[in-house]
Structure formats: C-alpha cells, structure tokens
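Letters go in sequence order (proteins before strands), and every chain restarts at 1.
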Amino acid sequence: MIEIKNLSKKFGNIVAVKSLNLRIEKGELFILLGPNGAGKTTTMKLITGLLRPTEGEIWVGGYSVLREYMMAKRLIGYIPDTPYVYEKLSAREFLHFIQDIYQVENKHKVEELLELFHLREEADRLIEEYSHGMKQKVAIASALIHNPKVLIIDEPLVGLDPRSARLLKDILKKKVKDGMTVFLSTHTLSLAEELSHRIGIINESKLIAVGTLKELREKAKTTGNLEEVFLRLTEEESELFS
Amino acid sequence: MSSFLKLLRLRLRILRNLLLRYKGSWFKVLVIFFFSLSFLLGMFFLFREGFQFIKTIPLISDLVINRLFYFLFLFTFFLMLFSSVLTSYSTFFSQGETDLLVSLPISFRVIFTHKFLEIAFYTSWSFIFLGIPFFSAYAVINHLPASFYVVMVILVIPFVLLTSELGALFTLLLSRVMALKGWRIYIAGLLVASIPIFYFLYKIFSLPPIPSDLFTMVRKVFSHFQLSQHTYLPSYWVAKGLFLFLQGETGKMNKYILLLYSFSFLLSGLLLLLSEFLYFPAFSNVRGSLREKRISRKFSPLNLLTSFFSFLPGKYRALVQKDIKNFFRDPRQWSQFLIFFGILAVYIINLRSYRYFAVTPSFKMMISLVNIAAMGFILSTLTTRFMFPQMSLEGKRIWIIKLSSLTLREVLWEKFYLTFAFCFLVVALLSNLTNVLLQVSPLLYLVGNILVLCMSLSLTSLSVGLGAVFPDFSSDNPARIVSGFGGTVNFILGIIYVLLVVSLISIPFSLRYILMKINDRVFIVLVKIAITWISGITFFSVFFPLRYACRKLEKLEI
Ligand SMILES: Nc1ncnc2c1ncn2[C@@H]1O[C@H](COP(=O)(O)OP(=O)(O)OP(=O)(O)O)[C@@H](O)[C@H]1O
Ligand SMILES: [Mg+2]
C-alpha cells in the first residue's frame, strides 16, 4: 500500500532521511521508532506529500505522491504531531469542512465520530476553548472521516487520557482488521508492543532495522522487551558511528 | 461544489463566528462603528478642504489636480506592490493552516488562489478605506454624477488585483528560484529588484535646480512629475482612465479599462498556470530551510548590540535582549525595517533639492515646518508598524512572563523605555540631520528638537499602550496584527496627534515669518504658549494609554 524507494531528504546540509526503502502492505500496522531528531516526522511528511523528497519516490495505493498527489492524498488520513485545527470553528463545523473536502457521501459520519470520541456535548463550542487532548481528538476524528486507506499518525498518544488512548488503540485494531494500512510513529513502546505487525527503527536518519518484534529481538540478540531492543539497536549504531 | 468554493465557505464561517462573538457586546460594536464612521467623515472633510484649497489656486488648479492624481496613484501602486511582496511570503508559506490544506486533497492551484486573495485583501484594504473619503470629497467638490463612483470601482478593482498579482508573482518566482537558502536570499533579491524602483522614485522626487522666476519653476517642477505618467505604469492607466471619464471621453476611457482588465487577467492566468508547478516546490523549500541556521553564541552583531544593555538589572536585561533578538531574527520585521529606511534615505537625499526651493525665507520656513511634520509621520509609522505588535507577539508565551518574577506592568514599561530610546535616537538623529541640511534658524532648531522629544514620548506610549489594550495573541504575523482594529486606531490617533502638534507650532511661526503679521515679542510669547499646550497634550497622550494598558494587563487572562 505504501512503497518507498530510495528516499532521501536533506535540509540544507542536514540529512533528515537517508536512502530509505520500505514496503508496507495493505492491512498492516507499521510502527516507526527512533530517538528525537531521527527523521520520523520528516518521513511522514514526505509520505503525505507535505515535503518534496530530495531523492527517491513514494507511492501510496499505486499513486505517486509527487505526480498524482490528488489521488494519493484522497487515500491518506494524516494526523501530524502538532495538528492544525481552525480555532474559530466548532468541532462540528471543522469536521463538516473536512467531510466536504473529501466529498464523503455518508452524512452521518460526523455525528458518529463525535459520538465515538465523546465530543458530542462540546461539539458546538469553538475549538479555541478546547483542551489539548480534545483538540487532538478532533484532529484524529478529522483524519478518519473519509475512511482512509492509509492512516499516518505522528505521536498519536500525546495528550490523550487513558480512556481515549484505549479508544484510539481499539479503533486502530478494528480499522486494520478491516484492511486499513496504518503507519505510526511513537515513543510509547508499549503501544508498539501491543499493536504493531512490524516495527522499523530509525536512527540518525537511517532505517537500521525492520521486522516483527521477534525478528528485532533476534537482531539485537536479546530476549528482553522492546525497550531493551530499542536501546540496544540505537546504541550500537551510535557507537559504530562515533 | 469545487474545493475553491468550499474554502471560501470556510472563510465566511470563520468570519461569522468572529462576528457572533460581538453579539452580546453591542457597546463595543457601536464604538467601532462610530469610530470608523467619524474617521471616514473626518478624512472626508479634510480632503474636501484640500480640494477646495487647490481650486482657489489661479490658472493651474486643474494642472495641480491632474499631477496630484497621477502621483498619488503611482505612490499607491508602489506601496501596495511592496506590501504585497512582503505579505505574500509570510502568507503563502505560513505554518499551520497551509500545512493542513496541503495535506488535504486540494490542488495547489486552489490553495495558492486562496492565499492570494488573502494577500490582495491585506494589501489593499487600507488604501481602499482611505480612497473612499478622498474620491468622495473630490466628487462632491466638483459635483460629479453618481456614475463617477461606478467608474472608480471599475477602475480600482483590476488595479488592486494586478498590483497584488505582481507581488505574488515576484514572490513565487523568487522563492522558487532562490529560496533554497531561505529568507536571506529572498530579501537580498528583493533589495536588488527594488534598486530600479528606488532609482525611479529618486528621479521623481529629486527636483531640478531652481530657475529664477516662479513661472518657469512651476513649469519645470510639473514637467518633472512627467515620470509618474509613464505609459507602462498601471497607475497611469487608472489615472488616465479617470481623467478621460471626467472629460467625457468614454470611448478612450474604455480602452484603458480594457487594458487594466486584460493585464490583470493575463497575470491571473500566468499565476494559475505557474502555481500548479511552482507553489509546492517553493513551499517545500521554505519549510526545509526554517531551522537550518545555527545561532552563533560567541560573536555576532546582535550579541554586540544586546551587550550594550548589560548595565541593566538582570530581569530587565533579559527582557530587552529577548526583544531585540526576536525582532532582528524575524525576517518579516527587519525586512520591512530595511524598506522603511530605504524610503527614508530617499527622503533625505531629496531634502538637498528642496533646499533650492528655499528662495524666500517664508518658503524656507514652510519647508522646515513640513519637515517637522514629516518627522512626526515617520515616528508614527515606526511606532505603529514595529512597536504596536510587540505585545501581541508575546502571544501565548506570555504566561512565561506571568509565572516569572516579572509583572506584566514591568514588561510594559520595559517595552516603553526600549521603544522610546530607540525611536527617539533614530528620529533625533534624522531631525538634526535634516535641520542642518535645511539650514533652519536656531530657534526652530531648538523647537524642532523639543517637538521630536514630545512626539517620541507620546507616539511610543500610544503604540505600546494600545498594543497592550488591543492585543491579538492569536496571530504570529506582525503585518496582520497591525492591520487589525487596534493597529488602525493607533495609526489614526498618532496621525491626529502629529497634526495637532504641528499645527500648534505652525501658528506662531507662520504668523511671524510667512504671513508677517506679528512682531518678535508677540511671536516669542506665542511660541511659549504653543510649547506649553504641546507639553500638556503630550502628557495626556503618554499618561492615558499607559495607564489604560496597565489596567488591562492586570485583568488579562490567557
Ligand atoms: N524544517 C526543517 N528545517 C531544517 N531541518 C529540519 C527541519 N525539519 C526537521 N529538520 C531536521 O531533520 C532531522 C529529523 O527531524 P524529525 O522532525 O524528522 O525528527 P523526529 O524523528 O520526528 O524527532 P522527534 O522524535 O523529536 O519528533 C532533525 O535533525 C531536524 O533538525
Ligand atoms: Mg517528530
């Protein structure tokens, strides 16, 4: 569903992503881990077409993100690390706007999502009056409105209360079962342990390991939990390079 | 419905929500309404007086009007062009909304068009707002039919559009071609591109040497303004169209209207075509170049500048240094700063040629007084444009200050002192320089410096105070903060103050030197009275804005 070939992104002299090759199948939940500044957000922005790659190419659902961006973007739902929501709209108005843009036929979708995220009661207040977590929920709802084939989430759990976090995890599980592809980055390792089909670890702009949790354990030569695997793999790499 | 219309509907909805907020507070609405109305009316009467005066000039009054219009349209054209170039960079590539829109399935062309409309609105609304009383006054004085207003609208729409289009096109091309290195190059390119424009302005403003008799002088001056009637200038097409209408030559007028519309359509087409290919690469480039630069911790001009303030007590020093760094690291701020000083440079260069004008003492006196007024306008632009947004720019970060040992009141005073010191320094320098160039009399020299001090005090406190009274914490864009309600109030009050001060001081000087009605003794008494009045007005205009601001800040909740 997502195909990334030889992807590189430079910001001036800083290399944020270095020759990344990755294929993510339909219905897969892929989690990208990595230290701060490793290049996770940049990778996601490249996939969603917010940045132009310096080199390489990306296809989503068979459409080139660069050349057929309208088709590709229709398939994608994106929740950035700091989502933008119109502060002067109510949640309901904002969701209706997004629904309009994606030309969603099902007119009950907005109400369903408001219900699902327990936003019904606040739905007519301006978003500027919302708490951080509520805004986050609005952003998540807006990315789900058109039943995207590919969902890309940067740090999904930031600011969510335990119940909402649970809700999001359940939604992700269900959607993946229905065939949605999810590409997600996080620092919450338990999330990765619980949900992921495959995990990618990116360190200093390079993808250093990809595989199931089991495969990664083998690679890191440890039997411990993901935390240990993560520390092992990223530490070795930095030692190699230092 | 196309996504263009959907976005338009979104804007309208946001506007409605903004207006709905005023629903309960009818008093505020009333105040705003009356304020705008009285501003429009005040301007109208002022312009009417002006036109009335021009009408009384024998023989050449038509000529004066003619040249005045060409010149004003030209001036508006350049101002709008600059303003659109500057706002377009921050609008096209602003963070936040643009990122959301780019991630949605909306074509780049549509996003670009929306941003463009925003730019066109922000660059033109204040000119249109001023244009309404101006042209109404003209129409009323000359008993023009209602069709005049229609023609004005028809002429102004393509003029505004094509000016913003030129600015947007310039930004789009330049940021694509050169934005690889971001702002610095952009500004450098902008400056290089504006050299011919400055040269052109220089040519227009710098007058030829003065001939002996008045008639040749007037003729020479007017023929000099011929440059503003260059056929390739869109401002010329508007003014020409207007005059052709006034002469009843509708057929010829239509040609110019056609020219304006076809040029603006041509540019629209070009922009629409290019935006699909150029907007996204430029956007991505600008995004990528945001955090590339490293801040030198050891030596830089900025560190040197801030180190001058190390004598201040700790907390004030930190604030001052933060303010200075923020200001000079924000390209939207210092780029306008540069342009502002560019215009100033043109002004000073031209003072040299105004000296030739000073053939008679009375004329010389007039120019010196006008120069004081010019200092006032410079100050009020400086304070409104750059200092008014300071409090708003603290934005949501203001809680940091609220939590610290500093009170907001102290922050306010810090901004007041800093702004005052800076503005006073700049304008005092400028005023002394120009006074030397103009060779003004010692008394006027002294008075000029007193006035500059007074004006710096009042205008600073006006901008700092009103900046706190009408903060706009939601915007990060200084240009937009200034064009809001508070900024407009600031500007108008500032201008009113300057006009008041200059008229007060002009009374004794013009009675003595221009009209020659009074003797020296009476003159000195009058000067003293005028200065007393000015000090009084200054005291009030320093005191009230700051006091009101302090009260407002105490109640502020974020
Ligand atoms: N707009 C930009 N301009 C310049 N450099 C950038 C820009 N965005 C990111 N970078 C650089 O690219 C690298 C990768 O950044 P990125 O935001 O992708 O990291 P991340 O893995 O998402 O980190 P985090 O876990 O902190 O969110 C960093 O070195 C960063 O400094
Ligand atoms: Mg990130």
Colleague: Does atom CZ of Phe129(B) have more than 12 heavy-atom neighbours from other groups under 6.0 Å away?
Modeller: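 Correct, the count exceeds 12.
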
Colleague: Going by an N to O cut-off under 4.0 Å, is there a salt bridge joining Arg9(B) and Glu93(A)?
Modeller: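 Glu93(A) and Arg9(B): not salt-bridged.
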
Colleague: With a 4.5 angstrom heavy-atom cut-off, which part of Leu66(A) approaches chain B: side chain, backbone, both or neither?
Modeller: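 For Leu66(A), the side chain is the part near chain B, not the backbone.
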
Colleague: Are Met70(A) and Ser107(B) close enough that some pair of their side-chain heavy atoms sits under 4.5 Å apart?
Modeller: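 Met70(A) vs Ser107(B): side chains touch.
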
Colleague: Taking the side chain as every heavy atom from C-beta outward, state whether Tyr78(A) and Leu104(B) have any atom pair closer than 4.5 Å.
Modeller: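 No, their side chains stay 4.5 Å or more apart.
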
Colleague: Are more than 12 heavy atoms from other residues, nucleotides or ligands located less than 6.0 Å from atom NZ of Lys169(A)?
Modeller: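 Yes, enclosed.
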
Colleague: Checking heavy atoms, do the side chain of Phe108(B), its backbone, both or neither come under 4.5 Å from chain A?
Modeller: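 Contact with chain A: backbone and side chain both.
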
Colleague: Which one, Leu89(A), Leu75(A), Thr42(A), Thr48(A), leads in non-hydrogen pairs under 4.5 Å with chain B?
Modeller: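 It is Leu89(A).
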
Colleague: Would you say the side chain of Pro105(B) lies within less than 4.5 Å of the side chain of Ile101(A), judging by non-hydrogen atoms?
Modeller: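 Heavy-atom side-chain distance check passes, below 4.5 Å.
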
Colleague: Suppose we call two aromatic rings close when their centres sit under 6.0 Å apart. Are Phe280(B) and Tyr69(A) close by that rule?
Modeller: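 No, they do not, as the ring centres are separated by 6.0 Å or more.
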
Colleague: Is the number of heavy atoms from other residues, nucleotides or ligands within 6.0 Å of NZ (Lys174(A)) greater than 12?
Modeller: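 Open.
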
Colleague: Just how far is it from atom NE2 of His96(A) to atom CG of Leu10(B), taken to the nearest 0.5 Å?
Modeller: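 Going from NE2 on His96(A) over to CG on Leu10(B), the span is 13.5 Å.
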
Colleague: Heavy-atom distances under 4.5 Å only: say whether Lys9(A) touches chain B with side chain, backbone, both or neither.
Modeller: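 The side chain, not the backbone.
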
Colleague: Heavy-atom distances under 4.5 Å only: say whether Leu126(A) touches chain B with side chain, backbone, both or neither.
Modeller: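 Just its side chain gets close to chain B.
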
Colleague: For atom OH of Tyr84(A), is the number of surrounding heavy atoms from other residues, nucleotides or ligands below 6.0 Å larger than 12?
Modeller: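 Atom OH in Tyr84(A) is packed in, count exceeds 12.
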
Colleague: Counting only heavy atoms not in Glu121(A) (residues, nucleotides, ligands), do more than 12 fall under 6.0 Å from its CD?
Modeller: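 Counting other residues, nucleotides and ligands, CD of Glu121(A) stays at 12 neighbours or fewer.
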
Colleague: CZ/Phe97(A) to NZ/Lys6(B) distance, rounded to the nearest 0.5 angstrom?
Modeller: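 Atom-to-atom, Phe97(A):CZ and Lys6(B):NZ are 9.0 Å apart.
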
Colleague: Does the Ser284(B) side chain pair with the main chain of Leu51(A), one donor and one acceptor, at a distance under 3.5 Å?
Modeller: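 Flag not set: sc Ser284(B) to bb Leu51(A) has no pair under 3.5 Å.
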
Colleague: Nearest heavy-atom pair of Asp99(B) and Leu50(A): which atoms, and what distance?
Modeller: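 In terms of heavy atoms, the two residues are closest at O-CD2, 3.5 Å.
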
